[in-house]
**Q** 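Structure incoming, see below.
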Amino acid sequence: RAAAPFQYLAVQKTGAQQSVGLIQLNRPQALNALCEGLMEELQQALEAMENDPKVGAIVITGSQKAFAGRAGLLSPPRVWGGGGFWCPTRFLSAAGADIKEMQNKTFQECYSSGFLASWNKVSTVRKPIIAAVNGYALGGGCELAMMCDIIYAGEKAQFGQPEILLGTIPGAGGTQRLTRAVGKSLAMEMVLTGDRISA
């Protein structure tokens, strides 16, 4: 188990040899919307797991509804293949970035304060990170999933970049990562229409 208590995350080590770091987004009242505090905690948890020699891989997950968390309840691990492969029974859901937190910020405030600086940690961790998604991964939630090395998507997973519906565009690298993940045509369709895709 991880030592530091978090407000927006549930963190533990699991697996047959306690070698899998499990991070569950835990902001159920906001469908795991990715606020600044949650992303700072995620950066701290990832740094701790990256520096823990017992952790070989990291899983980021959430609730059945949204890629980002569920009331702190962690599912027991399920082991496949004689204990060699671990997968959580609940999958990540993150509805997206917390629009209420961002709506009154000007470009200058965001730029000068390094508003999304902590988001980059996910893509720079040297250990493999798996996003386990079985709910909505929209906007920032989709971008968070794409920052991970592997995405395991359940039957109910839905991915999208609906920022256009708010009159803006993806802001944390979503346009670049989405193009690499699904190709230019589908990425353009998703970004310019706000349409979602399923797994």
Side-chain angles (χ1 to χ4, degrees), residues 1-15 18-63 66-72 74 88 90-102 105 109-133 135-152 159 161 163 170-178 181:
R1 302 238 180 238
F6 295 103
Q7 179 179 354
Y8 301 116
L9 302 176
V11 179
Q12 70 178 24
K13 287 193 278 187
T14 189
Q18 299 290 292
S19 60
V20 177
L22 176 62
I23 301 173
Q24 184 178 23
L25 306 178
N26 185 24
R27 235 185 131 208
Q29 73 284 4
L31 288 177
N32 294 321
L34 304 173
C35 66
E36 199 168 352
L38 186 148
M39 293 309 293
E40 287 172 5
E41 287 185 3
L42 182 58
Q43 179 178 353
Q44 293 169 12
L46 288 170
E47 286 173 357
M49 290 182 180
E50 186 172 32
N51 294 324
D52 185 339
K54 294 180 181 176
V55 173
I58 302 164
V59 175
I60 300 176
T61 193
S63 70
F67 172 75
R70 178 173 164 102
L74 293 173
R90 294 213 181 256
F91 291 96
L92 176 61
S93 291
D98 194 337
I99 301 302
K100 292 177 188 174
E101 183 179 84
M102 299 184 321
K105 290 184 185 269
E109 289 171 327
C110 292
Y111 186 78
S112 62
S113 69
F115 179 61
L116 297 176
S118 61
W119 285 56
N120 193 42
K121 183 62 181 174
V122 178
S123 57
T124 62
V125 170
R126 293 176 306 239
K127 295 180 181 179
I129 300 179
I130 301 166
V133 182
Y136 295 112
L138 306 176
C142 184
E143 293 178 60
L144 175 60
M146 289 187 294
M147 288 180 203
C148 297
D149 300 302
I150 299 169
I151 300 174
Y152 280 116
F159 299 89
Q161 297 291 164
E163 289 88 345
T175 54
Q176 297 86 4
R177 286 185 182 95
L178 189 60

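Count residues from 1 along the sequence.
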**Q** Main chain of Ala33, side chain of Arg27: is a donor-acceptor contact present, judged purely on distance under 3.5 Å?
**A** yes
**Q** For a 4.5 angstrom cut-off between non-hydrogen side-chain atoms, does Ser123 reach Arg177?
**A**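 Sidechains of Arg177 and Ser123: in contact.
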**Q** What's the shortest heavy-atom distance between Gly141 and Leu34, and which atoms?
**A**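 Closest approach of Gly141 to Leu34, heavy atoms only: N-CD1, 3.7 Å.
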**Q** Are the side chain of Lys127 and the backbone N or O of Met49 linked by a donor-acceptor pair below 3.5 Å?
**A** yes
**Q** Of the non-hydrogen atoms in Ala137 and Cys142, which two are nearest, and what is the gap between them?
**A**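 Residues Ala137 and Cys142, closest heavy atoms: O-CB, 3.1 Å.
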**Q** I'd like to check Leu138 versus Phe159 (side-chain heavy atoms, cut-off strictly below 4.5 Å). Are they in contact?
**A** no
**Q** Evaluate side-chain contact (heavy atoms from CB on, under 4.5 Å) for Phe6 paired with Val11, printing each intermediate quantity in order.
**A** CA-CA 8 Å; Phe6 295 103; Val11 179; 3.5 Å; yes
**Q** So, for Ala45 and Leu9, which heavy atoms are closest and what is the spacing to 0.1 Å?
**A** CB-CD1, 4.1 Å
**Q** Mark yes or no for whether Glu41, through its side chain, and Gln7, through its backbone, hold a donor-acceptor pair below 3.5 Å.
**A** yes
**Q** From Ile130 CD1 over to Leu22 CG, what is the distance, rounded to the nearest 0.5 angstrom?
**A**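 So the gap between those two atoms works out to 10.5 Å.
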**Q** Considering non-hydrogen atoms only, spot the tightest contact between Glu163 and Gly139 and give its length.
**A** OE2-CA, 3.2 Å
**Q** Looking at every heavy atom in both Ile60 and Cys148, which two are closest together, and how far apart are they?
**A** CD1-SG, 4.1 Å
**Q** Is a donor on one side and an acceptor on the other found under 3.5 Å between the side chain of Asn26 and the backbone of Tyr8?
**A**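 Side chain of Asn26 to backbone of Tyr8, a donor-acceptor pair under 3.5 Å: no, none is there.
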**Q** Looking only at heavy atoms, what is the nearest atom pair of Val55 and Gly21, with distance?
**A**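 Taking every non-hydrogen atom into account, CG1-N, 3.8 Å.
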**Q** Compare all side-chain heavy atoms of Glu40 with those of Lys121 and state whether any distance is below 4.5 angstrom.
**A**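 Glu40 vs Lys121: side chains apart.
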**Q** Rounded at 0.5 Å granularity, tell me how far CD1 in Ile58 sits from OG in Ser19.
**A**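 Going from the CD1 atom of Ile58 to the OG atom of Ser19 covers 11.5 Å.
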**Q** For the pair Glu50 (side chain) and Val125 (backbone), establish whether a donor and an acceptor sit closer than 3.5 Å, ignoring hydrogens and angles.
**A** no
**Q** Side-chain contact test, heavy atoms from C-beta onward, threshold under 4.5 Å: evaluate it for Ile23 versus Val59 and give yes or no.
**A**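 No - every pair of side-chain heavy atoms lies 4.5 Å or more apart.
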**Q** Side chains of Lys13 and Asp52, heavy atoms from C-beta outward: is any pair under 4.5 Å?
**A**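 Yes. Closest side-chain heavy atoms under 4.5 Å.
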**Q** Any side-chain heavy atom of Leu178 within less than 4.5 Å of one from Gln161?
**A**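 A side-chain contact under 4.5 Å exists here.
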**Q** I'd like to know if the side chain of Asn51 and the backbone of Glu47 have a donor-acceptor N/O pair within less than 3.5 Å.
**A** yes
**Q** Rounded to the nearest 0.5 Å, what's the gap from CG on Leu46 to CE on Met39? Could you check?
**A** 8.5 Å
